[in-house]
Amino acid sequence: MMPIQPGFSINAPGVKEITPKASDRINLTEASNEIFQNYYDQQQKFLETRYSNLGDTSNHPAYQDYATVRVDGKVVAKIDNHGFVETSNGVGSKLLSELPGAVNGKSGPMLAQARAEKIAELLGGKVERSSTALTQPQFDRLPQPQSSLDVTAMQADPMYEQLQKSKQARTAFLAQQIGQDDSSATSSGTGAAAEFLDFMSKTPEERFFAAFLKGKGLTEEEFEKLPPEERTDLMTEFKQELKDKALESVEESIEKTA
């Protein structure tokens, strides 16, 4: 049996980074702050997703069997509570393009049921629910497994080194811009450069926190002036949001596993 899932894993050996033609490349060093920040954040997220691990999920209810599909008494496919499918190479190649990718934008038992029914329809088989099958509400209420990031492996990736070089080149370029004409420090271009330098000097967690506060209509200075109870509540919410984002990244990677 082999796992199948529409899409490709970013860890799959057949997946390669797309290198644009020279004529299509953007000079990131001199690009606008918005373009560079978007590029940097996307590449950082890609790396973190590549080197994030869910750990042992063998006993987690969400990863237990939801159903099997039998044809002439033989099991041809297994589907777990997430909706992940295991089947043979030959059957998998026939099913790959036919299976639904999500149900109401979700994975889980509803997706598992839809996929099981589709496999049974295509192969002329019968769906058999497993004793470990969950309902969608049960699945949604489950505590999600904690992911971990292998920082050492991520930093050893050539892509990570290239990303740091891009960041250094961009920082040096903007610092040179600022130094060329101190009298223009209040102009929009140089002001944006100074803002970018401040942005890139922060850790990823500090950048996430600044964005979190902005979503609450607060600056960091305003946050510091809040009563201790309110600051504690906001920090608790922020930490939970970080965990949710990390888990979301890992689940996106799993959902794309071929």
Side-chain angles (χ1 to χ4, degrees), residues 10 32-64 81-83 102-111 134-155 160 163-164 167 171 191-256:
I10 58 177
S32 70
N33 291 339
E34 181 180 2
I35 290 176
F36 186 88
Q37 288 173 18
N38 285 340
Y39 164 81
Y40 185 90
D41 290 343
Q42 288 171 7
Q43 297 299 300
Q44 183 73 23
K45 181 178 179 182
F46 180 92
L47 279 168
E48 290 176 357
T49 301
R50 170 181 280 178
Y51 293 101
S52 291
N53 301 294
L54 273 180
D56 182 16
T57 58
S58 58
N59 295 318
H60 196 286
Y63 295 86
Q64 303 305 307
N81 283 306
H82 261 98
V103 174
N104 297 329
K106 285 186 173 185
S107 62
M110 289 195 300
L111 175 61
L134 300 174
T135 65
Q136 191 68 40
Q138 287 174 329
F139 179 87
D140 292 339
R141 288 195 297 267
L142 282 174
Q144 296 299 322
Q146 297 298 309
S147 62
S148 61
L149 176 63
D150 189 340
V151 176
T152 301
M154 182 181 73
Q155 292 179 345
Y160 179 85
L163 189 59
Q164 302 316 302
K167 174 182 173 180
T171 302
E195 180 182 345
F196 177 81
L197 289 175
D198 177 65
F199 174 84
M200 294 308 293
S201 68
K202 296 179 178 179
T203 65
E205 289 78 12
E206 288 171 337
R207 294 202 296 272
F208 286 143
F209 186 58
F212 170 77
L213 289 180
K214 185 176 181 180
K216 299 293 183 181
L218 294 169
T219 65
E220 293 182 52
E221 291 76 14
E222 290 170 337
F223 170 77
E224 292 297 336
K225 294 178 181 178
L226 291 174
E229 298 81 5
E230 291 186 36
R231 291 203 304 271
T232 299
D233 290 343
L234 283 171
M235 285 303 299
T236 300
E237 183 179 347
F238 170 66
K239 289 176 182 178
Q240 184 59 49
E241 189 169 307
L242 276 182
K243 290 181 181 179
D244 293 343
K245 285 183 181 296
L247 180 62
E248 181 181 335
S249 294
V250 174
E251 288 187 335
E252 285 176 3
S253 177
I254 292 174
E255 293 246 347
K256 293 179 181 177

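As a basis for the values below, the full set of heavy atoms in this structure was taken, side chains included, without hydrogen atoms, waters or symmetry mates. Treat the numbers as computed from the prediction; the structure is a model and nothing was measured.
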Evaluate the side-chain proximity of Phe139 to Met110: yes if any heavy-atom separation is below 4.5 Å, no if none is. no
Does a side-chain heavy-atom distance below 4.5 Å link Gln44 with Asp41? no
If you compare all heavy atoms of Leu149 against all heavy atoms of Glu48, which two are closest, and at what distance to 0.1 Å? CD1-O, 3.5 Å
Side chain to side chain contact (heavy atoms under 4.5 Å, CB included) evaluation trace for Asn81 with Leu142: CA-CA 12 Å; Asn81 283 306; Leu142 282 174; over 6 Å; no
To the closest 0.5 Å, what do you measure between CE (Met154) and OG1 (Thr49)? 10.5 Å
CD-OH distance between Gln164 and Tyr40, expressed to the nearest 0.5 angstrom: 4.5 Å
Nearest-0.5 Å distance, CD of residue Glu237 to CG of residue Leu234: 6.5 Å
Gap between atom CD of Glu220 and atom NZ of Lys214 - 0.5 Å precision: 12.0 Å
Counting C-beta onward and ignoring hydrogens, is there a side-chain heavy-atom pair between Tyr160 and Val151 closer than 4.5 Å? no
Nearest 0.5 Å, please: how far is CE in Met235 from CZ in Arg231? 10.5 Å
NE2 on His60 to NE2 on His82, rounded to 0.5 Å: 7.5 Å
Any donor-acceptor pair under 3.5 Å from Thr135 side chain to Gln138 backbone: yes
